[in-house]
Amino acid sequence: MSDGAVKDAPDGEGEGGATNSRRYFLIQATSAVAAVGAVGAAWPFIKYWTPSAKAKAAGAAVKIDVSKLAPGEMLSPIVAWRGKPIFVVYRDQAVIDSLEVDTNGLADPDSANPDQQPEFAVNPWRSERPELGVYVGICTHLGCSPKYVESENFEETGQGGFFCPCHGSKFDLAGRVVEGVPAPYNLEVPPYQFESDTVIVIG
Ligand code: FES
């Protein structure tokens with residue numbers, strides 16, 4: 001006589017059949033326990049491979065509402081993307097025009113360095129729309145955060161821009177670095193797109 005597990009086994013007849021069936025049952029049970037153990041052992045690695053919510057958030061796209069930004073202003077408070085400050089400036093028409101012609105004294109006026117901006121920002125404004133400039137607010141010298149200079153003119157460019165207080169680097173209102181300062185490159189332009197007229201998605 002045999003129980004339900006034995007009945008389901010492949011060799012289920014007679015004394016020898018019962019022995020084989022018990023062996024079959026034990027093999028199946030052992031395999032199941034081993035499988036559970038393998039999953040348990042792998043769990044820390046699976047957890048390790050799966051990015052945490054915090055890590056996902058750190059690389060996530062960021063939306064910036066610029067509906068309240070007026071010409072001549074930089075967005076405040078400054079929004080962070082991937083731990084980096086993002087500068088958003090609203091340029092008036094006079095600045096837009098000057099960025100096209102006032103290129104004397106700039107180290108890379110044509111954004112020739114391909115690492116510093118996406119293709120769409122290779123233009124005099126280094127931006128998708130001439131009036132709105134979007135830049136990573138980190139000096140390309142040693143990583144300080146430059147200050148927005150709205151009203152003070154830089155003698156090199158004849159306009160405002162960004163001034164780095166650490167070692168004196170200057171960038172114009174398109175984030176283009178002036179010649180002869182420690183910073184070697186223009187400010188970085190992050191990848192971004194317009195979700196609407198007044199909302200920019202960074203990343
Ligand atoms: S970190 Fe900006 S000039 Fe040195």
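None of the values given here were measured: they were computed from a predicted structure. Here, residue 1 is the first one in the sequence, and each next residue gets the next number. Just follow the structure's listing: the first ligand is 1, and inside any ligand the first atom is 1.
- Judged by distance alone, with hydrogens and angles left aside, the side-chain atoms of Asp108 form a donor-acceptor pair with the main-chain N or O of Asn113 at under 3.5 Å.
- The side chain to side chain contact (heavy atoms under 4.5 Å, CB included) with Lys84 is formed by just one residue from the set Ile138, Val79, Ile202; it is Ile138.
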Mind listing the side-chain donor-acceptor pairs of residues 58-67 below 3.5 Å, one per line with the distance, residues two or more places apart or on another chain?
| residue | atom | partner | partner atom | Å |
| --- | --- | --- | --- | --- |
| Lys63 | NZ | Glu195 | OE1 | 2.8 |
| Lys63 | NZ | Glu195 | OE2 | 3.4 |
| Asp65 | OD1 | Ser67 | N | 2.8 |
| Asp65 | OD1 | Ser67 | OG | 2.8 |
| Asp65 | OD2 | Ser67 | OG | 3.3 |

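- Judged by distance alone, the side chain of Arg126 and the main-chain N or O of Tyr135 form no donor-acceptor pair under 3.5 Å.
- Counting only N and O atoms by type, the side chains of Thr103 and Arg176 include no donor and acceptor under 3.5 Å apart.
- The set of protein atoms (N, O or S) found at less than 2.8 Å from atom 2 (Fe) of ligand 1 reads Cys139 SG, Cys164 SG, by chain and number.
- Here the two cysteines Cys144 and Cys166 have their SG atoms closer than 2.5 angstrom.
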